[in-house]
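Have a look at the structure below before the remarks.
By convention here, the first residue in the shown sequence is residue 1. Nothing here was measured: the structure is a model prediction, and the numbers come from that model. Side-chain atoms are counted along with the backbone in the values below, which use heavy atoms only and exclude waters and symmetry mates.
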Amino acid sequence: MSFSQVGIAERCQFSLGDYIDDRWKVDSFLGEGTFGQVFRVKDSDGKVYALKLLKLWEIMASERPNLLKRFEREYETGLIKSDYLVHSLQKGIVKGNAYIVMEYCQGGDLHSALKKTHLDLALLASHILLGLKALHLNGKVHRDLKPENVLLRNNNHAVLTDFGISGDQNNRLTQRGWSGVPQQRFGTIAYMPPEQVNPKRGNATVLPTTDIFSFGVMMYQLLTGSLPFGELNVEADVSKYVYNGKNGVWDRAYLQSVSGGNDWLPLIEGCLVPDFKQRLQTIDDVIRLVPQRNGIKPDIAQHNITPFKKDTKNGILLRVMQGEELGRTYILNSLFTDDSSLVYIGRGSNDVWNHIGIKEDESCYISRQHCTIEKDSKTNNWILRDGQFRVICQIGLHSAHILPCKRCTASCKNGGHSPMKWKESLNGTYVNSIEVPSGGIAIVPGDIISIGDVKMRVEGI
């Protein structure tokens with residue numbers, strides 16, 4: 001069942017003891033925000049879960065499709081097998097309103113828990129990082145990491161939640177999300193890296209380094225009780241806060257003055273580097289800097305990821321792991337023409353022909369001529385290059401024939417041979433957080449290709 005099947009949304013008013021969809025008995029009301037309500041519910045076996053219900057009856061029809069995509073994305077992400085992510089159990093529709101059922105975390109969120117008791121920050125940090133690692137290995141970036149989105153099971157085991165924001169940058173700045181708190185916009189900006197506040201060329205692509213910056217902000221806050229780049233209480237504070245983040249201006253001395261702060265300094269410094277290319281690049285890089293807990297370093301073992309084939313003898317395919325076409329696959333061998341073993345990838349558009357035309361939600365971070373994958377017959381490697389080498393004419397851009405247009409019957413100033421030119425993408429192409437260099441990079445199964453907000457995993461066939 002897909003959330004796209006929702007019908008006319010009726011108003012829902014569930015009280016204690018009521019059943020949602022004839023199965024989930026409302027045990028208590030946990031909260032309400034702009035988009036929905038959260039209930040603690042019990043199944044027939046008496047087990048306790050959390051149920052999120054979208055208030056579609058209050059949402060404008062034009063906003064529903066994108067919201068439902070985010071909701072579906074949250075449910076799908078919760079199916080990843082990891083001890084450090086909130087687990088999804090079921091999804092459904094009641095009176096035309098979508099809902100998802102997830103595990104219930106008795107310990108509440110990290111922000112509230114820190115006000116009540118002393119917690120082992122090194123242990124919690126390790127849990128959070130392992131949750132991020134599970135996301136990244138499965139081709140996803142959280143993008144809204146903050147204490148409110150870290151929940152605690154009853155044994156103080158931390159798990160990540162609220163994955164619906166992934167790949168939806170515009171909503172991150174303009175909507176209040178589940179909390180419904182007016183300051184949600186400030187809370188979001190507080191953890192955003194500079195490249196996401198004001199995207200420029202090479203900065204608009206969402207990478208794991210986005211979560212790493214947010215993690216550094218959060219750990220500074222948990223250790224000191226303050227945000228690293230200054231106050232952020234009113235609109236007037238935003239510009240200065242963003243400026244300090246962009247220029248790496250934060251109070252290191254204050255961090256060192258708190259208990260254990262000096263031990264955390266190398267990690268936080270590595271996370272808060274303004275230039276994402278110089279920042280700590282992988283979750284394992286960050287985990288290695290977590291202060292030792294009782295002389296034991298955190299576990300950095302591999303996580304479970306969605307199974308895929310690693311044997312490339314029959315070729316490779318690309319699987320969309322994050323984006324509007326989640327789950328879709330492209331078999332590269334089948335896209336070759338008689339003339340060439342090149343595959344062009346770009347934004348789905350009527351203006352330019354591509355073997356793979358990627359759909360986007362609302363953002364325009366994917367160029368129409370974004371990147372190229374080539375099968376190297378000599379080495380048998382698959383090479384990914386940023387940009388495309390194209391005939392410079394409208395006929396050539398629309399054509400599947402990617403060699404010089406010898407068979408073109410159009411009148412041409414160059415006597416039937418239009419020039420060809422290499423054109424780079426506007427925002428770069430990345431493999432596992434590494435920007436693809438001008439000479440290209442060999443890709444292998446398991447690699448995550450980032451193109452704008454879309455992520456695709458390389459797999460064998």
Side-chain angles (χ1 to χ4, degrees), residues 74 76-88 102-111 113-114 119-166 191 206-223 260 263-264 266-268 270-272 279-308 321-322 432-433 446 448 455 457:
E74 178 165 9
E76 295 289 344
T77 304
L79 296 178
I80 295 174
K81 295 180 180 180
S82 169
D83 290 335
Y84 306 97
L85 302 176
V86 169
H87 299 147
S88 296
M102 309 168 296
E103 69 169 302
Y104 173 72
C105 295
Q106 187 174 349
D109 67 69
L110 182 55
H111 185 268
L114 286 175
L119 297 174
D120 187 333
L121 287 186
L123 180 62
L124 287 173
S126 301
H127 292 170
I128 295 166
L129 289 169
L130 290 171
L132 291 177
K133 182 174 180 178
L135 291 177
H136 297 174
L137 286 174
N138 282 277
K140 299 180 183 296
V141 177
H142 191 290
R143 292 187 57 162
D144 199 27
L145 181 66
K146 54 189 174 184
E148 292 85 349
N149 286 340
V150 178
L151 301 182
L152 298 174
R153 295 182 178 135
N154 55 12
N155 57 355
N156 286 335
H157 183 109
V159 290
L160 304 185
T161 189
D162 201 1
F163 315 116
I165 204 69
S166 300
Y191 303 90
V206 181
L207 300 169
T209 47
T210 295
D211 288 339
I212 289 174
F213 185 93
S214 301
F215 176 79
V217 174
M218 187 174 70
M219 292 312 302
Y220 184 97
Q221 181 186 26
L222 295 178
L223 285 160
D263 296 333
W264 287 90
L267 181 150
I268 293 176
C271 291
L272 297 186
R279 196 177 300 155
L280 292 172
Q281 294 292 294
T282 70
I283 293 301
D284 283 353
D285 292 338
V286 183
I287 289 178
R288 294 186 184 98
L289 295 177
V290 173
Q292 292 189 14
R293 176 178 175 270
N294 300 326
I296 301 175
K297 292 295 288 183
D299 178 25
I300 57 173
Q302 283 287 105
H303 274 275
N304 291 328
I305 61 176
T306 307
F308 65 91
M321 304 297 292
Q322 181 168 292
N432 306 328
S433 296
I448 301 297
K455 299 195 180 301
R457 186 171 65 197

When rounded to the nearest 0.5 angstrom, what is the spacing between [atom1] in [X] and [atom2] in [Y]?
X: Asp263; Y: Leu223; atom1: CG; atom2: CG; value: 9.5 Å
X: Lys133; Y: Leu85; atom1: NZ; atom2: CG; value: 13.0 Å
X: Leu135; Y: Ile283; atom1: CG; atom2: CD1; value: 9.0 Å
X: His136; Y: Met321; atom1: NE2; atom2: CE; value: 13.0 Å
X: Asn432; Y: Leu207; atom1: CG; atom2: CG; value: 10.0 Å
X: Thr161; Y: His142; atom1: OG1; atom2: NE2; value: 7.0 Å

### Task
Could you walk me through whether Ile80 and Leu137 pass side-chain contact (heavy atoms from CB on, under 4.5 Å), step by step?
CA-CA 10 Å; Ile80 295 174; Leu137 286 174; over 6 Å; no
### Task
Verify side-chain contact (heavy atoms from CB on, under 4.5 Å) between Leu289 and Ile268, making sure each step is shown before the conclusion.
CA-CA 9 Å; Leu289 295 177; Ile268 293 176; over 6 Å; no
### Task
Look at the rings of His127 and Tyr84 and say which category their plane angle falls in: under 30° parallel, 30 to 60° tilted, over 60° perpendicular.
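The rings of His127 and Tyr84 sit tilted, inter-plane angle from 30° to 60°.
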### Query
Any idea which heavy atoms bring Ala125 and Phe215 closest together, and the distance?
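Looks like CB-CZ, 3.8 Å.
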### Task
May I ask you to decide if Lys140's main-chain N or O and Asn138's side chain share a donor-acceptor pair within less than 3.5 Å?
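Side chain of Asn138 to backbone of Lys140, a donor-acceptor pair under 3.5 Å: no, none is there.
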### Query
Residues two or more places apart in sequence or in another chain: which of them pass salt bridge (Lys or Arg N to Asp or Glu O under 4.0 Å) with Glu103?
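In terms of salt bridge (Lys or Arg N to Asp or Glu O under 4.0 Å), with neighbours along the sequence ignored, Glu103 is linked to Arg153.
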